[in-house]
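These notes concern the structure reproduced below.
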There are 2 protein chains.
Amino acid sequence: MNDKKDQIAISEILSKAGVNPTAQRIAVFKYVHNESDHPTPEQVKVAVDRVFPKISLATVYNTLNALVEAGLVKAVKLPNSGKVCYDANTAKHYHFIDEKQGLLLDLDLKDIKIDLNLSTQFEVKDVDVFIKGHYSG
Amino acid sequence: MNDKKDQIAISEILSKAGVNPTAQRIAVFKYVHNESDHPTPEQVKVAVDRVFPKISLATVYNTLNALVEAGLVKAVKLPNSGKVCYDANTAKHYHFIDEKQGLLLDLDLKDIKIDLNLSTQFEVKDVDVFIKGHYSG
DNA sequence: TTAAAAATATAGAATTATTCTAATGTGGGT
DNA sequence: ACCCACATTAGAATAATTCTATATTTTTAA
């Protein structure tokens, strides 16, 4: 049972990050981490509902927030639609957005070189980049 | 009266952009353009309320949308708070966000050099950059 | 083991931001 | 003056998210 093995592995990841690995949390993280690409909370709910006899949307939000807190996933708020997506890729990276197709793709750090030339008044903590355009994949 | 002169000038700007310069629209654009820095719709309403006997919030939204349509202002949806701000600076530029202080500052193009190295599948239309950190001004 | 304490999960209400709707108002042209 | 297209309006509707109060499960420790 691959599923069982997954669950144990994920359970450990959660524990290590200080998140109590309840069944719901395992299911949510498993979906975000292994089975999806930048899902919204709504999508997470729909997916987890198939495993669970109805998880509540509040729990999905609680869990996603807890996972973000713990640094296990990242929340990406899109600069246009304003929708939040959750990203299991916690390494620093950028995003490409194809609004027409509703696509959100990860871009590797090495694909974008950024040179900041700011005065010392600006203490930079993070850089978000969203490239918008059309993807023909 | 400087105010009157402003109004006429703004009226002309609106007309030229194909927006019928009604009193409400002039007041909204005047505030966004001359008297504020990245206001939210709510802030626009509060400000314009002082000039007008109560503009409706719907009109503020309609007007801001019309101004965006006409290319006279830009809407900036912040990648964290999700709030929309309106930006009278329609030239291409980037943003610095200090969440702690609730600051949103414009960054000039020349302050940030961006080198994209994407495969030809990516047809780039726009690049949004949000630098987050602390500003000590 | 068992009952109190703590942590989670839940449904549904509340909040916030925005858009829609349908009715009303306004100004320019005939 | 009268029409017509366009604006404005209040308030309802929608959507995303958070809060609240209750229920359930888990842990602790006697």
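Lettering follows sequence order; numbering is per chain, from 1.
First and last contacting nucleotides of DNA chain D toward chain A (any atom under 4.0 angstrom from a heavy atom, 5' to 3' order): dA16(D) to dC19(D).
Counting only N and O atoms by type, the side chains of Asn117(B) and Asp111(A) include no donor and acceptor under 3.5 Å apart. Side-chain contact, Asp128(A) with His95(A): no donor N or O sits under 3.5 Å from an acceptor N or O. At a cut-off of 3.5 Å, with distance as the only test, no side-chain donor of Thr40(B) or Glu42(B) sits close to an acceptor on the other residue.
Regarding Asp49(A), its CG atom lies at a distance of 13 Å from the C1' atom of dT10(C), rounded to whole Å. Remark: P of dA9(C) and CD of Gln24(A) are 5 Å apart, rounded to the nearest angstrom. dA11(C) atom C1' lies 13 Å from atom CD1 of Ile55(A), rounded to whole Å. Rounded to a whole Å, the NZ atom of Lys45(A) is 13 Å from the C1' atom of dA9(C).
Within the 4.0 angstrom heavy-atom criterion, no nucleotide atom of any strand lies near Glu42(A).
Of the possible donor and acceptor atoms, one in the side chain of Asp98(B) sits under 3.5 Å from a partner among the backbone N and O of Gln101(B). Remark: side-chain polar atoms of Lys92(B) are paired, donor with acceptor, to backbone N or O of Val127(B) under 3.5 angstrom. Counting only distance, with no hydrogens or angles, the side chain of Thr59(A) and the backbone of Ile55(A) share no donor-acceptor pair below 3.5 Å. Not a single donor-acceptor pair under 3.5 Å links the side chain of Arg25(B) to the backbone N or O of Val19(B).
Annotation: the span from His134(A) atom NE2 to Leu103(A) atom CG amounts to 9.0 Å, rounded to 0.5 Å.
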Please write out the pairs of protein N or O atoms and N or O atoms of nucleotides 27-30 of chain C separated by less than 3.5 Å, giving the distance to one decimal.
none

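A residue-by-residue look at Ser56(B) and Val19(B) shows that Val19(B) has its nearest nucleotide of DNA chain D further toward the 5' end.
Within a 6.0 Å sphere centred on NZ of Lys125(A), heavy atoms belonging to other residues, nucleotides or ligands number more than 12.
Taking a 4.0 Å limit (strictly below) on heavy-atom distances, residues 57-69 of chain B reaches DNA chain D at Ala58(B), Thr59(B), Asn62(B).
Shown here for Ser11(A) and Ile26(A), the closest heavy-atom pair between the two residues is CB-CD1, 4.1 Å.
In this structure, Phe96(A) has its ring center closer than 6.0 angstrom to the ring center of Phe122(B).
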